[in-house]
Amino acid sequence: MKTFLPPLGIQEERKVLEEMQGGSLEARNTLIVRNMRLVAHIVKKYQNADEDMEEMISIGTIGLIKAVLTFQPEKGSRLSTYAARCIDNELLMHLRNLRKVSREVSIYEPIGTDKEGNQINFMDIIESDEPDVVEIMDKNSKIRYLKKILPKILTEREQEIIVLRYGLMDDKPVTQKQIANRLGISRSYVSRIEKRALGKLRAGMENIQTGLKNFPSQS
């Protein structure tokens, strides 16, 4: 990680803030540059989040810039105190958005087809708005089929995470963080196992369907 300049002293910071309020762009840039060490310090909290640290520095810098532009010294707090909250919020929002996109991709991504040749993805299984009886039967049929092939394709740990993650046991999906706490492992490790399991499911179900197509029919 880069080496950053030390922060300004209290009196020095007050003077630069006054210059910025007077319209000085140089003063604004000074406040940003001299608080980059704070960004790096806060980013370190997220070093286990499986994200590129340089990217996280960039995101944190956005939070710092917002802090510098909206800081109100008359309220009595230090810029660093206010900026720390802004930086943290920006990083958390970034991570939430990444996880939301990742989950949307995983639940919409097809994992194979059922025995009738219909494409299956987890959205078919975990979502339905007031389904009718036919939809309920179809959903239950897909869940039974999926449960049947899980042991043939996934390890016990992978099965456990997929079943919990997508609510295949009680129709209540569980977050990666909740699974991590339950199993005593990191959230990033849960994410890696989930991604690997989905890939194995896709490949495994494709092989099963190929085998069925190539199996000679009896007449």
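- The distance from the CD1 atom of Ile87 to the NZ atom of Lys45 is 10.0 Å, given to the nearest 0.5 Å.
- One finds the CD1 atom of Ile193 at 5.5 Å from the CZ atom of Arg157 (value rounded to the nearest 0.5 Å).
- Considering only heavy atoms from C-beta on, Leu154 stays 4.5 Å or farther from Ile161 through its side chain.
- Using a cut-off of 4.0 Å between Lys/Arg side-chain N and Asp/Glu carboxylate O, Glu13 and Arg78 are scored as salt-bridged.
- Looking at residues two or more places apart in sequence or on another chain, you find no side chain to side chain donor-acceptor pair (under 3.5 Å) involving Lys177.
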* To do: Could you please spell out the steps behind the side chain to side chain contact (heavy atoms under 4.5 Å, CB included) verdict for Ile162 and Lys200?
  => CA-CA 12 Å; Ile162 290 297; Lys200 290 171 69 174; over 6 Å; no

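- Here the shortest heavy-atom pairing between Gly60 and Leu91 reads N-CD2, 3.8 Å.
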* Residues Leu201, Leu150; criterion side chain to side chain contact (heavy atoms under 4.5 Å, CB included); working and verdict -> CA-CA 8 Å; Leu201 273 174; Leu150 283 180; 3.7 Å; yes

* Could you give me the CA-CA distance, side-chain angles and deciding distance for Lys66 and Asn89, then say whether side chain to side chain contact (heavy atoms under 4.5 Å, CB included) is met? => CA-CA 11 Å; Lys66 289 180 179 179; Asn89 287 340; over 6 Å; no

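- Between Ile153 and Gln159 the shortest side-chain heavy-atom distance does not fall below 4.5 Å.
- Taking the side chain as every heavy atom from C-beta outward, Leu31 and Met20 approach each other to under 4.5 Å.
- Between Thr70 and Tyr82 there is a side-chain heavy-atom pair separated by less than 4.5 Å.
- Inter-residue side-chain proximity for Arg187 and Thr175 is flagged as unmet; no heavy-atom pair is nearer than 4.5 Å.
- The distance from atom CG of Leu5 to atom CE of Met36, rounded to the nearest 0.5 Å, is 10.0 Å.
- When side chains are defined from C-beta on, Glu90 does not count as touching His94, because their heavy atoms never get closer than 4.5 Å.
- Here the side chains of Ile59 and Tyr46 are not in contact, with every heavy-atom distance at 4.5 Å or above.
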* Asked: Does the side chain to side chain donor-acceptor pair (under 3.5 Å) test come out yes or no for Tyr166 and Glu194, once each step is laid out?
  -> CA-CA 10 Å; Tyr166 296 97; Glu194 179 187 351; 2.5 Å; yes

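- A salt bridge is defined here as a Lys NZ or Arg NE, NH1 or NH2 lying under 4.0 Å from an Asp or Glu carboxylate O, and Glu19 with Lys15 meets this definition.
- Proximity of Cys86 to Phe71: side-chain heavy atoms (C-beta onward) are nowhere separated by under 4.5 Å.
- The CZ atom of Arg165 lies 15.0 Å from the CD atom of Glu158; values are rounded to the nearest 0.5 Å.
- In plain terms, the two heavy atoms of Leu17 and Pro73 that are nearest each other are CD1-CB, 4.4 Å.
- What you find for Leu38 and Ala84 is that their closest heavy atoms are CD2-N, 3.9 Å.
- Every residue two or more places apart in sequence or in another chain was checked for a side chain to side chain donor-acceptor pair (under 3.5 Å) with Ser24, and none qualifies.
- Under the 4.5 Å side-chain contact rule for hydrophobic residues, Val33 and Leu8 do not share a cluster.
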* Taking it one step at a time, do Ile65 and Leu69 satisfy side chain to side chain contact (heavy atoms under 4.5 Å, CB included)? -> CA-CA 6 Å; Ile65 293 171; Leu69 295 178; 3.9 Å; yes

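- Atom CD1 in Ile62 sits 8.5 Å away from atom CE in Met93 (nearest 0.5 Å).
- Taking CZ of Arg192 as the start and NZ of Lys195 as the end, the distance is 10.5 Å to the nearest 0.5 Å.
- Here the shortest heavy-atom pairing between Phe4 and Arg37 reads O-NH2, 2.8 Å.
- Not a single donor-acceptor pair under 3.5 Å links the side chain of Thr81 to the backbone N or O of Ser77.
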